*Asks:* 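Below you will find the structure I want to go over with you.
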Amino acid sequence: MAPTLQQLYIPDFLSICNLPSNTHPLEDVVRRETEEWILSYGLFSDEQWEKFLRSDVPRFASRTFPYAGYEKLRNCTDFCLLVFALDDITDDEDKNKGTLTSKESVDAMQSDIIRSSSVGERMIKDYRARFFQSIGPTLRRRFLKDWEATFKALPKELELRESDEVLSIEEYTLVRRENCALRVGFTHIEYALGIELPDEVYENPVFNEMYLALLDMSWLSNDVHSYGKELAKGHGRWNYLSVVMQELSLDLQAAADYSGVRFRDLYDRFMDGRSRLPSWGKPLDSDIVAFFEALGIWLTGNLQWSFEMPRYFGAHCEDVRLTHLVDLGNFRGS
């Protein structure tokens, strides 16, 4: 059946990446604790809180860190809730307000110094104190660098939302790699595994190619899944599908099909890199294997979670999972 003008067949990303995905057995225990933690800050109104809960971020953490011990799962879930909360806040802000939120988020994570009494700063400081007690200097430095890059890239997105400009595919990719917050999420994979990869590993071209392939698959699939939601909010031009449509002169369905081909190419690149990685000797080789296995778990877990809650597809998430057909008309007024 061909889609109508208001319908879109999205790629079946899960069938492309045949990787494992499980939930954590302590998900419900951690869910109660971490939701109480963020609720205690009074960040949301009652209506905002109910909407935020529907995204089921603890399930996201459960699927992306199913191998973590209890304490590490709790910290990773707190981190995911923190990032999702900041994302939801800036999603409704203009460039000026969003730029201020970004700067405050960077400053709050950089040091122990209390600069204000804002809720966001107190949450970040709380998490920072716990997380930094558990990681070494290399991971701490990498996390701070990626956290700063994430929030410094955000104003560019907000600026483009307020204009009619659409970036090229290459330009969009470079910005999206930074503002998607995946790098800081991937730092938590090392933390959850109890490893700390040295800089020389990250500087290796094959390692970097595999890392970027997984990172690009993650934000690309997220862009496709969230297109209807972003379109309804007036943010549709800041999306991979819009960028592809403009640069390649494609309609929406062709752009979605193109994204599936691109995802497949990235997945093949990721899998091919495993046989080309050099050896650093033991135990580092085993740590690298574990890290890339965990990246694959993140990717598949993120995809599974996308169909388990209404954040991207509303009440139709199960139907979309089965049919891959998105009715864009369902997002009107959402």
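Just so it is clear, the structure is predicted and the values come from calculations on it, not from any experiment.
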*Asks:* Can you check whether V166 reaches W238 side chain to side chain, under 4.5 Å on heavy atoms?
*Replies:*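 Side chain of V166 against side chain of W238, heavy atoms only: no contact under 4.5 Å found.
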*Asks:* Between W147 and S105, is there a donor-acceptor pair closer than 3.5 Å when you use the side chain of the first and the backbone of the second?
*Replies:*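 Pair found, side chain donor or acceptor close to backbone of S105.
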*Asks:* Testing the basics here: between E196 and G136, what is the closest heavy-atom pair and its distance to 0.1 Å?
*Replies:*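 Taking E196 first and G136 second, the nearest heavy atoms are OE1-N, 3.1 Å.
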*Asks:* Kindly say whether V184 contributes a backbone atom to a donor-acceptor pair with the side chain of D146 at under 3.5 angstrom?
*Replies:*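 Between the backbone of V184 and the side chain of D146 there is no qualifying donor-acceptor contact (under 3.5 Å).
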*Asks:* Taking L154's backbone N and O only, do any of them form a donor-acceptor pair with N179's side chain (distance below 3.5 Å, no angle check)?
*Replies:*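 Checked: no pair found.
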*Asks:* Decide side-chain contact (heavy atoms from CB on, under 4.5 Å) for F307 and Y312; before the verdict, give the C-alpha distance in whole Å, the side-chain angles of both, and the deciding distance to 0.1 Å.
*Replies:* CA-CA 8 Å; F307 301 106; Y312 302 129; over 6 Å; no
*Asks:* What heavy-atom pair brings A85 and L43 nearest, and what distance separates the two atoms?
*Replies:*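 The pair with the smallest heavy-atom distance is CB-CD2, 3.9 Å.
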*Asks:* Ion pair present between R32 and D28, side-chain N to carboxylate O less than 4.0 angstrom?
*Replies:*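 A salt bridge is absent here (no side-chain N lies under 4.0 Å from a carboxylate O).
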*Asks:* Using a 4.5 Å cut-off on heavy atoms from C-beta on, say whether the side chain of R141 contacts that of D199.
*Replies:*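 With C-beta onward as the side chain, the pair touches.
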*Asks:* Quick one, E159 with K95, criterion salt bridge (Lys or Arg N to Asp or Glu O under 4.0 Å). Give me CA distance, side-chain angles, the key distance, then yes/no.
*Replies:* CA-CA 6 Å; E159 175 187 336; K95 179 189 174 184; 3.8 Å; yes
*Asks:* So if I apply the side chain to side chain donor-acceptor pair (under 3.5 Å) rule between R63 and each of Q304, H24, E308, which one comes out positive?
*Replies:*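 Of the listed residues Q304, H24, E308, the side chain to side chain donor-acceptor pair (under 3.5 Å) partner of R63 is E308.
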*Asks:* Under a single-linkage definition using a 4.5 Å side-chain heavy-atom cutoff for Ile, Leu, Val, Met, Phe, Trp and Tyr, are V289 and V206 assigned to the same hydrophobic cluster?
*Replies:*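 No; tracing contacts between hydrophobic side chains, which count when under 4.5 Å, never links both residues.
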*Asks:* Are L53 and L39 linked, directly or through other ILVMFWY residues, by side chains that come within less than 4.5 angstrom of each other?
*Replies:*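 Same cluster: L53 reaches L39 through Ile, Leu, Val, Met, Phe, Trp or Tyr contacts under 4.5 Å.
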*Asks:* At their closest point, which heavy atom of R183 faces which heavy atom of L212, and how far apart are they?
*Replies:*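 Result for this residue pair: NH2-CD2, 3.8 Å.
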*Asks:* Salt bridge between K103 and D107, side-chain N to carboxylate O under 4.0 Å?
*Replies:*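 Salt bridge: yes.
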*Asks:* So which of F132, F143, F131, F65 actually passes ring-ring contact (aromatic ring centres under 6.0 Å, His included) with Y191?
*Replies:*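 Only match with Y191 under ring-ring contact (aromatic ring centres under 6.0 Å, His included): F131.
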*Asks:* Less than 4.5 Å apart, side chain to side chain, heavy atoms only: is that true for E50 and D46?
*Replies:*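 No; the side chains remain at least 4.5 Å from each other.
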*Asks:* Strictly distance-based, threshold 3.5 Å: is any side-chain N or O of S306 a donor or acceptor partner for the main-chain N or O of N302?
*Replies:*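 The answer is yes, because a donor-acceptor pair under 3.5 Å joins these two groups.
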*Asks:* Does the K125 side chain pair with the main chain of M109, one donor and one acceptor, at a distance under 3.5 Å?
*Replies:*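 No, because the side chain of K125 does not come within donor-acceptor range (under 3.5 Å) of the backbone of M109.
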*Asks:* Any idea which heavy atoms bring L193 and K72 closest together, and the distance?
*Replies:*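 Heavy atoms only, the tightest pair is C-NZ, 4.5 Å.
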*Asks:* May I have the step-by-step check of side-chain contact (heavy atoms from CB on, under 4.5 Å) for L158 and D94, ending in yes or no?
*Replies:* CA-CA 6 Å; L158 299 177; D94 60 20; over 6 Å; no
*Asks:* Is any side-chain heavy atom of D88 closer than 4.5 Å to one of R311?
*Replies:*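 Side chain of R311 against side chain of D88, heavy atoms only: contact under 4.5 Å found.
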*Asks:* Within 45° of the axis and under 6.0 Å from the centre of the six-membered ring of Y202, does NZ or CZ of R142 qualify?
*Replies:*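 Yes; both conditions hold, so R142 lies above the ring face of Y202.
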*Asks:* Would L220 and V261 show up in the same hydrophobic cluster when neighbours are defined by side-chain heavy atoms closer than 4.5 Å?
*Replies:*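 Different clusters.
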*Asks:* Do any N or O atoms from the side chain of W298 and from the backbone of L182 form a donor-acceptor pair under 3.5 angstrom?
*Replies:*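 No; zero donor-acceptor contacts below 3.5 Å.
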*Asks:* Quick one: is the NZ or CZ of R130 closer than 6.0 Å to the six-membered ring centre of W37, and within 45° of its axis?
*Replies:*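 The answer is yes, since R130 meets both limits relative to W37.
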*Asks:* On a heavy-atom basis, which atom in L266 and which in A213 lie closest, and how many Å separate them?
*Replies:*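 Closest pair (atom of L266, atom of A213, distance): O-CB, 3.6 Å.
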*Asks:* Do Y41 and L82 belong together in a cluster built from hydrophobic side chains that touch within less than 4.5 Å?
*Replies:*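 Same hydrophobic cluster.
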*Asks:* May I ask you to decide if Y9's main-chain N or O and Q253's side chain share a donor-acceptor pair within less than 3.5 Å?
*Replies:*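 Looks like yes, one N/O pair under 3.5 Å.
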*Asks:* Is a side-chain N or O of T90 found less than 3.5 angstrom from the main chain of L86, in a donor-acceptor match?
*Replies:*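 Such a contact is found between T90 side chain and L86 backbone.
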*Asks:* With a 3.5 Å distance limit and no angle check, can you tell me whether E230 reaches the backbone of Y227 through a side-chain donor-acceptor pair?
*Replies:*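 Not a single qualifying donor-acceptor pair exists.
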*Asks:* On a heavy-atom basis, which atom in F151 and which in P155 lie closest, and how many Å separate them?
*Replies:*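 That would be O-CD, 3.2 Å.
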*Asks:* Take the angle between the ring planes of F207 and F291 and call it parallel below 30°, perpendicular above 60°, tilted in between.
*Replies:*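 Rings of F207 and F291: parallel, under 30°.
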*Asks:* Just one of L277, I189, I297 clears the side chain to side chain contact (heavy atoms under 4.5 Å, CB included) bar with F292, so which one?
*Replies:*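 Exactly one candidate clears the test, L277.
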